[in-house]
Amino acid sequence: MKKNLFLFLFFFLIILVQTSGLGIFFPERVVPNLVLAFVLAGAITFGFSETWKWAIAAGILMDIFTYSRVGFYVLLFVLSAYFAGFLSRRFLLESRVLGVLAAGFLMISSALAERIFLFFLNEAGNTQRFFDFMPEIFSDAGYWIIFNLALFFPSLYFCKKIRKFLKPSEYKIDARVKSGNF
């Protein structure tokens, strides 16, 4: 119960920061997705089996707060969490160099998929607009990638701290067993 309430309030706060606070600090077309960063970090840290419920809840709240099409962010967050959980189990994203590169690539590809899918939802059937939109995506891509990664890696660190906070007994070594005194 404590865990569920804490995570709900945490994601609610992150969504409030995403929808009302990040636009102040970043230019309009390069606002990073903080909620996506925490969903991916949660999937890497906790695994998909524990994260999918929070990906759905965060997606529903994000759909409500951003007035986007119903289910868009739910689908984006659940699929991103699934791929992050899959990669973290298969390729051990916790390793240093390769893990950092794979996690960064996952964040960038998920955020790029978000931008492209939002475009297709808003401009359905207008193919000429798509060819005009592609240079817009890549014109600010450098800043956008840097900002997304700058928010993703601290969120990964923060999720690891949340994991230790919510399950402290799993990380303590029993001194009696280690010394042989039962």
Side-chain angles (χ1 to χ4, degrees), residues 1-89 93 102-126 133 137 144-145 147-167:
M1 181 65 185
K2 177 181 94 169
K3 175 184 172 183
N4 290 334
L5 181 62
F6 174 78
L7 288 175
F8 179 77
L9 292 175
F10 176 74
F11 271 109
F12 186 76
L13 178 67
I14 293 298
I15 290 170
L16 282 177
V17 169
Q18 170 72 36
T19 56
S20 62
L22 286 182
I24 297 169
F25 301 109
F26 296 100
E28 180 182 347
R29 292 185 353 202
V30 294
V31 175
N33 194 336
L34 184 63
V35 181
L36 179 62
F38 271 101
V39 167
L40 288 174
I44 290 170
T45 305
F46 295 104
F48 178 73
S49 61
E50 290 187 37
T51 309
W52 69 270
K53 298 174 277 198
W54 296 106
I56 291 173
I60 290 170
L61 288 174
M62 192 73 169
D63 285 335
I64 291 169
F65 278 88
T66 61
Y67 302 111
S68 67
R69 296 231 166 42
V70 175
F72 170 74
Y73 280 106
V74 172
L75 184 63
L76 176 74
F77 292 161
V78 169
L79 288 176
S80 297
Y82 175 74
F83 287 120
F86 176 78
L87 286 176
S88 68
R89 280 184 309 171
L93 290 181
F105 176 75
L106 186 64
M107 177 63 197
I108 292 168
S109 61
S110 295
L112 182 63
E114 174 197 12
R115 288 182 101 178
I116 291 174
F117 290 143
L118 274 176
F119 171 79
F120 280 123
L121 284 175
N122 294 332
E123 299 287 335
N126 191 353
F133 177 70
I137 286 179
W144 178 71
I145 288 170
F147 293 152
N148 272 307
L149 290 177
L151 289 179
F152 173 68
F153 290 116
S155 66
L156 185 60
Y157 174 78
F158 194 69
C159 278
K160 289 180 182 181
K161 294 295 182 184
I162 290 173
R163 180 177 161 186
K164 287 182 181 179
F165 172 73
L166 292 177
K167 296 181 182 179

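For the numbers below, each heavy atom of this structure counts, side chains included, while hydrogens, waters and symmetry mates do not.
- A 4.5 Å side-chain heavy-atom check between F83 and F48 finds every atom pair outside the cut-off.
- With rounding to the nearest 0.5 Å, the separation of OH in Y157 from SG in C159 is 12.5 Å.
- For the atom pair OG (S155) and CG (L149), the distance works out to 10.0 Å, reported to the nearest 0.5 Å.
- The environment of F10 atom CZ is dense: over 12 non-hydrogen atoms of other residues, nucleotides or ligands sit within 6.0 angstrom.
- Inter-residue side-chain proximity for L106 and F152 is flagged as unmet; no heavy-atom pair is nearer than 4.5 Å.
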What donor-acceptor contacts under 3.5 angstrom involve side-chain atoms of residues 57-65, with partners at least two apart or in another chain?
{"residue": "D63", "atom": "OD1", "partner": "S68", "partner atom": "OG", "Å": "3.0"}
{"residue": "D63", "atom": "OD1", "partner": "Y73", "partner atom": "N", "Å": "3.1"}
{"residue": "D63", "atom": "OD2", "partner": "G71", "partner atom": "N", "Å": "2.8"}

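- The CZ atom of F12 lies 4.5 Å from the CG atom of L16; values are rounded to the nearest 0.5 Å.
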Extract all donor-acceptor atom pairs below 3.5 Å that involve side chains of residues 32-40 and protein atoms in other chains or at least two apart in sequence.
{"residue": "N33", "atom": "OD1", "partner": "V35", "partner atom": "N", "Å": "3.3"}
{"residue": "N33", "atom": "OD1", "partner": "L36", "partner atom": "N", "Å": "3.1"}
{"residue": "N33", "atom": "ND2", "partner": "E114", "partner atom": "OE1", "Å": "3.0"}
{"residue": "N33", "atom": "ND2", "partner": "E114", "partner atom": "OE2", "Å": "3.0"}

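- In this structure, F158 places its CZ atom where only 12 or fewer heavy-atom neighbours from other residues, nucleotides or ligands lie under 6.0 Å away.
- Expressed to the nearest 0.5 Å, how far CZ of F117 lies from CG of L75 amounts to 8.0 Å.
- For the atom pair CG of L156 and CG of L151, the computed distance is 13.0 Å after rounding to the nearest 0.5 Å.
- Annotation: the span from I108 atom CD1 to N148 atom CG amounts to 7.5 Å, rounded to 0.5 Å.
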